[in-house]
Peer 1: 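This is the structure I have questions about; it appears just below.
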Number of protein chains: 2
Amino acid sequence: MPEIQDPRQNHLLAALPVEDRERLFSKLEETPMPLGHVLYESGAQMRHIYFPTTAIVSLLYVMEDGASAEIAVVGNEGVVGVSLFMGGETTPSRAVVQSAGLAYRLPGQLLKDEFLRAGPMQRLLLRYTQALITQMAQTAVCNRHHSLDQQFCRWLLLSLDRLPTNELVMTQELIANMLGVRREGVTEAAGNVQRAGLIEYRRGHITVLDRAGLEARACECYAVVKKEFDRLLPYTD
Amino acid sequence: MPEIQDPRQNHLLAALPVEDRERLFSKLEETPMPLGHVLYESGAQMRHIYFPTTAIVSLLYVMEDGASAEIAVVGNEGVVGVSLFMGGETTPSRAVVQSAGLAYRLPGQLLKDEFLRAGPMQRLLLRYTQALITQMAQTAVCNRHHSLDQQFCRWLLLSLDRLPTNELVMTQELIANMLGVRREGVTEAAGNVQRAGLIEYRRGHITVLDRAGLEARACECYAVVKKEFDRLLPYTD
DNA sequence: GCTGGTCTGTACGAAAGCGCACATACATGG
DNA sequence: CCATGTATGTGCGCTTTCGTACAGACCAGC
């Protein structure tokens with residue numbers, strides 16, 4: 001994949017009008033995002049806000065006993081660190097790179113200054129935050145009501161939407177951490193979905209063969225969130 | 001309880017400086033909130049934003065098959081209808097009165113005008129929204145990892161914090177809808193907690209006898225959310 | 001004070017997921 | 001090409017919750 005980096009690969013940045021874009025773009029720093037890198041620890045002061053382009057970031061909560069669960073996932077459609085402009089500065093969750101790639105980052109103070117201009121950026125950030133809220137809410141519902149198979153499919157689709165290819169580099173162990181289930185459970189779900197011919201995998205690589213099939217097998221949660229993102233943040237590639 | 005209504009019974013309204021308060025208070029309408037009343041339906045245009053004083057409102061998601069789950073709960077610490085100022089206008093969830101009482105409401109346009117002043121009200125609304133995000137995230141985690149007993153205790157405490165008394169008027173059937181579990185499951189959890197001497201109940205009335213005991217029996221989720229609300233929205237009674 | 005409707009208690013097999021143990025298979029670097 | 005560490009497959013008993021069915025208890029209104 002020939003990656004010619006351009007901040008506009010991030011949908012929020014791409015949606016800015018020219019004058020805002022020019023003011024901001026010079027201040028953005030391109031940042032590599034290696035797999036597993038922790039952008040924010042729970043409760044820690046955030047220094048930057050991150051606009052992923054090719055990377056995917058998981059927001060996950062880690063419990064006292066070490067068990068974890070993914071709250072939401074952020075890719076090039078959004079931004080990591082909403083609590084900076086929401087006013088809280090920190091959150092009780094952790095942000096960790098789930099799929100390696102690149103992001104643009106902006107020092108927290110600059111982002112806050114930009115937010116206070118009450119211009120297009122503020123509007124975009126708030127709408128994105130609402131979309132994020134929808135994703136979290138749906139995660140809660142999904143955790144309550146849907147089977148591991150369904151959740152696995154939903155999770156694959158969420159990741160797929162944020163990747164340029166149809167291949168995820170991801171072990172079952174990591175997926176289990178995200179979903180907050182046992183690794184063996186993921187083995188079983190993945191086996192089911194593979195036997196159904198929707199994916200193919202080998203040691204840390206999952207290739208999606210039949211996206212429509214995955215959507216059919218996932219619960220409604222995926223579609224609800226997707227539709228809400230499209231409504232709140234229309235983006236034409 | 002002799003209810004002398006005052007918008008300042010809502011913590012967000014109470015936190016406003018005098019000048020903002022005077023501008024806004026004349027526009028607030030006191031509104032009765034009967035049990036079960038639906039403030040917003042999923043996807044429907046919101047016309048008002050609600051500041052509960054004695055009422056409690058549940059945000060819940062209802063699935064295609066009719067099953068439901070509570071996403072978050074709002075009482076006099078917050079406001080119902082954040083998507084009005086976040087820019088989305090609607091959400092995929094439903095807002096329903098879980099405990100009857102009163103609220104002050106403000107027409108959507110007036111709230112938006114106020115938000116755009118970028119004054120103390122904007123700051124409060126955004127911080128509250130971040131607290132709400134934390135609550136939703138924790139709900140997702142709790143749904144994934146904790147037992148029904150723990151979730152039941154957490155839910156009781158969340159309600160209790162938003163009520164002036166230690167008695168909830170609430171059938172087990174309704175609680176089950178909120179938690180997204182079977183009614184029989186709630187019967188069992190409530191029985192366990194009653195046998196432990198923490199609550200006492202009879203046909204739709206639950207009296208909390210030992211609040212500290214409930215907190216000990218609940219999972220960490222309750223404390224995490226409580227702490228985050230206190231941090232983001234300090235309030236002294 | 002009876003009655004009808006609602007609310008609560010209990011039981012039981014089924015299903016999903018967990019924790020644990022261990023076997024197997026794959027990829028990569030020496 | 002082989003060894004080693006990591007990733008994946010599988011089995012099994014246990015626990016929690018579900019679905020369903022039905023019994024009992026309470027309360028309001030006639």
Side-chain angles (χ1 to χ4, degrees), chain A residues 35-36 63 65-70 98-99 140-156 167-196 199-207 217-219, chain B residues 35-36 63 65-70 98-99 140-156 167-196 199-207 217-219:
Chain A
L35 178 62
M63 295 194 306
D65 67 2
S68 63
E70 188 178 79
Q98 176 207 105
S99 177
V141 171
C142 201
N143 283 351
R144 163 60 62 214
H145 288 290
H146 298 133
S147 72
L148 184 40
D149 265 39
Q150 289 178 305
Q151 294 185 41
F152 174 71
C153 292
R154 173 179 66 86
W155 189 91
L156 278 183
E167 183 181 330
L168 289 87
V169 177
M170 177 72 45
T171 64
Q172 298 183 353
E173 177 83 45
L174 282 181
I175 297 176
N177 284 159
M178 301 294 158
L179 293 179
V181 299
R182 287 180 318 152
R183 194 269 311 161
E184 295 89 330
V186 174
T187 299
E188 200 174 320
N192 294 339
V193 176
Q194 173 157 260
R195 274 186 292 279
I199 63 169
E200 189 177 67
Y201 65 91
R202 55 169 235 286
R203 266 181 101 77
H205 296 254
I206 302 181
T207 306
R217 202 178 172 105
C219 44
Chain B
L35 178 63
M63 295 194 307
D65 68 1
S68 63
E70 188 177 80
Q98 176 206 107
S99 178
V141 171
C142 200
N143 283 350
R144 161 62 61 215
H145 289 291
H146 299 133
S147 71
L148 184 39
D149 264 39
Q150 289 178 304
Q151 293 185 42
F152 175 71
C153 291
R154 173 179 65 87
W155 188 91
L156 277 183
E167 184 183 328
L168 289 87
V169 178
M170 177 72 46
T171 64
Q172 299 183 350
E173 176 83 45
L174 281 180
I175 298 175
N177 285 159
M178 301 296 158
L179 294 179
V181 299
R182 288 179 318 150
R183 193 267 314 158
E184 293 89 333
V186 174
T187 299
E188 201 174 318
N192 295 339
V193 177
Q194 173 157 260
R195 275 186 291 279
I199 63 169
E200 188 177 67
Y201 65 91
R202 55 170 235 286
R203 265 182 100 77
H205 296 254
I206 302 182
T207 305
R217 202 178 172 105
C219 44

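Each chain gets a letter, A, B and so on, in the order its sequence line appears, and its residues count up from 1.
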Peer 1: Which value, rounded to the nearest 0.5 Å, describes the distance between Leu168(B) atom CG and Trp155(B) atom CH2?
Peer 2: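 It comes to 6.0 Å.
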Peer 1: Whole-Å distance between dA7(D) C1' and Asn177(A) CG?
Peer 2: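 To the nearest whole Å, that distance equals 14 Å.
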Peer 1: Sub-3.5 Å donor-acceptor pair from the side chain of Arg144(B) to the main-chain atoms of Leu179(A), do we have one?
Peer 2: yes
Peer 1: On DNA chain C, does the nearest nucleotide to Leu148(A) precede the nearest nucleotide to Tyr201(B) from the 5' side, or the other way round? Give the residue.
Peer 2: Tyr201(B)
Peer 1: Examine dA27(C): is either OP1 or OP2 under 4.0 Å from a nitrogen or oxygen in the side chain of Arg202(A)? Give yes or no.
Peer 2: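 For Arg202(A), the contact criterion (side-chain N or O under 4.0 Å from OP1 or OP2 of dA27(C)) is met.
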Peer 1: Without decimals, in angstroms, what is the distance between Leu174(B) CG and dC7(C) P?
Peer 2: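 Answer to the nearest Å: 8 Å.
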Peer 1: Using heavy-atom distances to pick each residue's nearest nucleotide on DNA chain D, tell me which of Arg182(A) and Gly180(B) is more 5'.
Peer 2: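 First, find each residue's nearest nucleotide; the 5'-ward one identifies Arg182(A).
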Peer 1: By the 4.0 Å heavy-atom rule, please label Gly191(A) as base, sugar-phosphate, or nothing.
Peer 2: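 Counting heavy atoms under 4.0 Å across all strands, no contact is made by Gly191(A).
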Peer 1: Report yes if a side-chain nitrogen or oxygen of Gln172(B) is closer than 4.0 Å to either non-bridging phosphate oxygen (OP1 or OP2) of dG9(C); otherwise report no.
Peer 2: yes
Peer 1: Rounded to the nearest Å, what distance is computed from the CD atom of residue Glu200(B) to the P atom of nucleotide dT8(C)?
Peer 2: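 For the pair Glu200(B) CD and dT8(C) P, the rounded distance is 14 Å.
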Peer 1: Starting at atom NE2 of His145(B), determine the distance to atom C1' of dT17(D), rounded to an integer number of angstrom.
Peer 2: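 Distance check: His145(B) NE2 to dT17(D) C1' gives 17 Å.
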Peer 1: Between atom CZ in Phe152(A) and atom P in dA16(C), what is the gap in whole Å?
Peer 2: 17 Å
Peer 1: With nearest nucleotides of DNA chain D determined for Gly185(B) and Gly204(A) from heavy-atom distances, which residue corresponds to the more 5′ nucleotide?
Peer 2: Gly204(A)
Peer 1: Looking across every strand, which nucleic acid part, if any, lies under 4.0 Å from Arg183(A) by heavy atom: base, sugar-phosphate, or nothing?
Peer 2: base
Peer 1: Using 0.5 Å steps for rounding, measure from the CD atom of Gln98(A) to the CG atom of Leu174(A).
Peer 2: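 With rounding to 0.5 Å, CD (Gln98(A)) is 8.5 Å from CG (Leu174(A)).
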Peer 1: Enter the distance from Arg217(B):CZ to Arg154(B):CZ here, rounded to the nearest 0.5 Å.
Peer 2: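 Arg217(B) CZ to Arg154(B) CZ: 15.5 Å, rounded to 0.5 Å.
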Peer 1: Let me know the distance between CD of Gln194(B) and C1' of dC7(C), rounded to the nearest Å.
Peer 2: 14 Å
Peer 1: Any N or O donor-acceptor pair under 3.5 Å from the base of dA16(C) to the side chain of Glu188(A)?
Peer 2: no
Peer 1: For the atom pair OG1 (Thr207(A)) and CD (Glu167(A)), what is the distance rounded to the nearest 0.5 Å?
Peer 2: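 Here the interatomic distance stands at 4.0 Å.
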Peer 1: Let me know the distance between CG of Asn192(A) and C1' of dT8(D), rounded to the nearest Å.
Peer 2: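 Whole-Å distance recorded here is 14 Å.
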Peer 1: When only distance counts, do a donor and an acceptor, one from the side chain of Glu184(A) and one from the base of dC18(C), lie under 3.5 Å apart?
Peer 2: no
Peer 1: Arg203(A) or His146(A): which one's nearest nucleotide on DNA chain C is closer to the 5' end?
Peer 2: His146(A)
Peer 1: Just the rounded figure in Å: distance from C1' of dT8(D) to CE of Met170(A).
Peer 2: 16 Å
